[in-house]
Protein chains: 2
Amino acid sequence: MTTREQVSAPCPIGRAVGLLGERWTLLILRNANLGTTRFDAFRSELGIADNILSNRLARMVDAGLLARVPYRDGGRPRHEYRLTAAGADVLPVLHALAAWGQEHTKPGEPSAPMQVIHRACDHATAPSDICDHCGEPIRREDELWLRPWRSAEPFPLAEPVA
Amino acid sequence: MTTREQVSAPCPIGRAVGLLGERWTLLILRNANLGTTRFDAFRSELGIADNILSNRLARMVDAGLLARVPYRDGGRPRHEYRLTAAGADVLPVLHALAAWGQEHTKPGEPSAPMQVIHRACDHATAPSDICDHCGEPIRREDELWLRPWRSAEPFPLAEPVA
DNA sequence: CCTCATAACTTGCAATATGCAAGCCCTCGA
DNA sequence: TCGAGGGCTTGCATATTGCAAGTTATGAGG
């Protein structure tokens, strides 16, 4: 059974793994949630080979995780890969992975931990769907990611396309 | 970069994907959380090839997700693979995947959805860390999985080893 | 108008990972 | 002593990934 044959399994975990569990897919979604939209931005951020990236983006578009939308860059026609609602809804999976990774693994180089900033209460919390300061569910628009190994500034999440 | 080189990435999501994102690993953990412990039970439940299963189990033991514990089966020495605390802590990832899969994918054959039964309030909820009936966090011991395509009876989660 | 640069791919081929089938080892129960 | 598992390992075929080079389209600069 290949990973993609899992997509019609009776178990929703199996189906989710069938779509999200291929190599690179979750990392592409992580970066897409942080605002990356262009082919070579994904390539340089992830260090993925072009043919694989091309293949994954196409499959993710087919699966409805990303939308390929044309736009103009100074007159030139280009296209970018924007999150769909299904792609944005992977956020809780990313939270759970981040929390697990933080709890059970160590980075090669020590660094300050990833945190989520909840704009509604202006406090930092561990990656989660729920603010551990105010106890409220964190709405996507109120969520910023602080990843100190990349930047001292917290980063807002990308908005999905309609 | 191979999946396993990700394990020392600065990003906790990258590290988690490095350990959990290999093919079969999350499915093995799903079944281990449902109580599967033996080589050929995993094999027959998952339909995974023996050499791959052997390889994955060994890596998961190295990674501290499972513990290989000897036991006696009617006098015969055997060993089983039991969840560690780190393996049990993957539960929120499984919840998030189940919820996403239920929301955004369809099974090949229609069937009733997976539900979590919260013993503390005796109500069914969608797969989640929090009961959507009583609003309380669901403790592992109070959680049963109802997967109607497998059995009409809800199933308790396996206890991790100390 | 010609050249160059760039984004976004595609193609060819080598290296890994996965799958299938067969075989091995150990122990118990008959 | 023999046979039947469980729990692997080994060999070989297929599929997936990675790297490097080539392709296409467009627009900016000369």
Side-chain angles (χ1 to χ4, degrees), chain A residues 1-7 9 14 17-29 31-32 35-63 66-82, chain B residues 1-7 9 14 17-29 31-32 35-63 66-82:
Chain A
M1 180 174 40
T2 87
T3 302
R4 281 188 295 303
E5 286 164 357
Q6 278 276 337
V7 300
V17 168
L19 282 173
L20 306 175
E22 277 189 312
R23 187 144 186 229
W24 297 112
T25 301
L26 281 167
L27 299 178
I28 291 170
L29 285 170
N31 288 28
T36 301
T37 58
R38 282 166 38 185
F39 190 92
D40 70 326
F42 284 115
R43 175 173 49 191
S44 67
E45 288 165 9
L46 297 173
I48 181 178
D50 324 19
N51 52 348
I52 308 298
L53 177 56
S54 169
N55 176 292
R56 281 301 172 279
L57 290 173
R59 266 222 266 282
M60 291 168 77
V61 168
D62 284 353
L66 298 175
R68 197 174 195 254
V69 315
Y71 75 107
R72 317 221 117 235
D73 162 30
R76 232 173 241 234
R78 291 280 155 77
H79 42 266
E80 54 181 3
Y81 296 90
R82 300 277 309 275
Chain B
M1 181 172 41
T2 86
T3 303
R4 281 187 296 305
E5 288 164 357
Q6 277 276 339
V7 298
V17 167
L19 283 172
L20 307 175
E22 276 189 312
R23 191 151 180 221
W24 295 113
T25 301
L26 281 166
L27 299 177
I28 291 170
L29 285 170
N31 289 30
T36 302
T37 59
R38 280 166 40 185
F39 191 94
D40 72 325
F42 285 115
R43 175 173 48 192
S44 67
E45 289 165 10
L46 297 172
I48 180 177
D50 324 20
N51 52 349
I52 307 298
L53 177 56
S54 170
N55 176 292
R56 281 300 172 280
L57 290 173
R59 266 222 265 283
M60 291 169 76
V61 169
D62 285 353
L66 298 175
R68 196 174 196 255
V69 315
Y71 75 107
R72 319 221 116 236
D73 162 30
R76 246 174 229 233
R78 290 281 155 80
H79 42 265
E80 54 181 4
Y81 296 91
R82 299 276 309 276

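Naming convention: chains lettered A, B, ... in sequence-line order (proteins, then strands); numbering from 1 in each chain.
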Is the phosphate of D:dG7 approached by B:Arg68 (side-chain N or O, under 4.0 Å from OP1 or OP2)? no
Tell whether B:Asn51 reaches the base of C:dC20 with its side chain through a donor-acceptor pair below 3.5 angstrom. yes
Rounding to an integer number of Å, can you tell me how far A:Asn55 CG sits from C:dA8 C1'? 15 Å
Between CZ of B:Phe42 and C1' of D:dG6 the distance, given in whole Å, is 15 Å
Measure the distance from CG on B:Asp50 to P on D:dG7 and round it to the nearest whole Å. 11 Å
Any side-chain N or O of A:Arg78 under 4.0 Å from OP1/OP2 of C:dT6? no
How would you label the contact of B:Tyr81 with the nucleic acid (heavy atoms, under 4.0 Å): base, sugar-phosphate, or nothing? sugar-phosphate
Nearest to side-chain heavy atoms of A:Ala49, which nucleotide of C:dG19, D:dG18, D:dT17: D:dG18
Rounded to the nearest Å, what distance is computed from the CD atom of residue B:Glu22 to the P atom of nucleotide D:dT16? 16 Å
Atom CZ of A:Arg56 to atom P of C:dC9: distance rounded to whole Å? 15 Å
So which nucleotide from D:dG7, C:dA8, D:dT17 ends up closest to the side chain of B:Asp40? D:dG7
Go through it in stages, so that I can follow the logic: the residues are A:Tyr71 and A:Arg78, the test is side-chain hydrogen bond (donor to acceptor under 3.5 Å, both in side chains), and I'd like the CA-CA distance, side-chain angles, deciding distance and then a yes or no. CA-CA 5 Å; A:Tyr71 75 107; A:Arg78 291 280 155 77; 5.6 Å; no
Taking the side chain as every heavy atom from C-beta outward, state whether B:Arg82 and B:Leu66 have any pair of such atoms under 4.5 Å apart. no
Are OP1 or OP2 of C:dC9 and a side-chain N or O of A:Arg38 less than 4.0 angstrom apart? no
Just how far, in rounded Å, is C1' of D:dA15 from CH2 of B:Trp24? 14 Å
Nearest to the side chain of A:Ser54 - C:dC9, D:dG7, C:dA8? C:dC9
Lys/Arg-Asp/Glu bridge criterion (N-O < 4.0 Å) met for A:Glu22, B:Arg23: no
With a 3.5 Å distance limit and no angle check, can you tell me whether A:Ser44 reaches the backbone of A:Asp40 through a side-chain donor-acceptor pair? yes
Could you state the atom-to-atom distance from CD of A:Gln6 to P of D:dT16 in whole Å? 14 Å
From CG of B:Leu46 across to P of C:dC20 the rounded distance in Å is 13 Å
Phosphate OP1/OP2 of D:dG6 contacted by B:His79 side-chain N/O (<4.0 Å): no
Minimum-distance nucleotide (side-chain atoms of A:Ile52 versus C:dG19, D:dC8, D:dT17): D:dT17
Check B:Leu27 against A:Gly14 and note the closest heavy-atom contact, atom names and distance. CD2-CA, 4.0 Å
